[in-house]
Amino acid sequence: MEFHLFLSSILFWILYYYFEGSHDGAFALETKLMREKLGADKFKEIEDDFIKHELDWHWYDSLEKALVKIIFAVLIYFITENFLFAFQMILLAVGIRSVAHDFFVARAMGKGLNHIGPDFLWWDRFLRKMKSKGINQYVIKLIPNLIIVFWILWSL
């Protein structure tokens with residue numbers, strides 16, 4: 001049963017992050033349009049407030065996603081009575097998000113695979129720093145995912 005939950009979870013999280021990434025991509029396009037229509041000078045007047053609200057939005061979005069992941073893991077624990085597996089499913093959800101969300105945001109915005117989000121988000125700032133050192137963002141994102149998947153398969 002755990003193997004079926006593992007596969008179902010992968011499909012669920014990919015679909016979940018398709019919707020979330022598409023949503024965030026549409027929001028980013030809306031923001032881009034607003035910046036263009038306001039012009040650089042007008043946008044500069046509201047930029048600090050804009051970034052503050054954007055960071056607040058990301059914070060609450062993170063809490064929302066954390067709640068979903070925790071409840072998902074608790075349900076898996078109740079089904080399997082396997083704490084390790086439930087914990088691994090949280091790690092898998094976070095790992096899939098790092099790849100799928102960013103991929104779907106870039107896709108929704110019509111950007112390529114090398115797109116990295118705004119510089120005022122710590123994760124995107126980290127990815128930019130690693131890119132400047134010659135490390136591709138997908139190496140950073142996929143290696144932990146592979147470790148998690150192999151750990152789960154080994155544990156089953």
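Residues take their numbers from the sequence shown, with the count starting at 1.
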For residues 149-156, which side-chain N or O atoms pair as donor and acceptor with protein atoms under 3.5 Å away, sequence neighbours left out?
from	atom 1	to	atom 2	distance (Å)
Ser155	OG	Gln88	NE2	3.0
Ser155	OG	Trp151	O	2.8

Which atom pairs, one a donor and one an acceptor, fall under 3.5 Å between side chains of residues 138-145 and the rest of the protein, sequence neighbours left out?
from	atom 1	to	atom 2	distance (Å)
Tyr138	OH	Leu113	O	3.2
Lys141	NZ	Ser98	O	3.4
Lys141	NZ	Asp102	OD2	2.8
Lys141	NZ	Gln137	OE1	2.8
Asn145	OD1	Ile96	N	3.2
Asn145	ND2	Gly95	O	2.8
Asn145	ND2	Lys141	O	2.7

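Taking the six-membered ring for Trp and thresholds of 30 and 60 degrees, Phe83 and Phe87 have nearly parallel ring planes, at less than 30 degrees apart.
In this structure, the separation between CZ on Phe19 and OG on Ser22 is 8.0 Å, given to the nearest 0.5 Å. If you take CD1 on Ile90 and OH on Tyr77, they are separated by 13.0 Å, rounding to the nearest 0.5 Å.
Residues forming a side chain to side chain contact (heavy atoms under 4.5 Å, CB included) with Ile79 (at least two apart in sequence, or on another chain): Met1, Leu5. Qualifying salt bridge (Lys or Arg N to Asp or Glu O under 4.0 Å) partners for Glu45, counting only residues two or more places apart in sequence or in other chains: none. By the salt bridge (Lys or Arg N to Asp or Glu O under 4.0 Å) test, Asp41 pairs with no residue at all, sequence neighbours left out. The side-chain hydrogen bond (donor to acceptor under 3.5 Å, both in side chains) search around Asp124 returns none, not counting sequence neighbours.
Here the side chain of His58 pairs a donor or acceptor atom with the backbone of Glu54 at under 3.5 angstrom.
Here Lys65 pairs with Asp61 in a salt bridge; the nearest charged N to carboxylate O distance falls below 4.0 Å.
Checked options Phe12, Phe103, Phe104; the residue passing with Tyr18 is Phe104 (criterion: ring pair (Phe, Tyr, Trp, His ring centres under 6.0 Å)).
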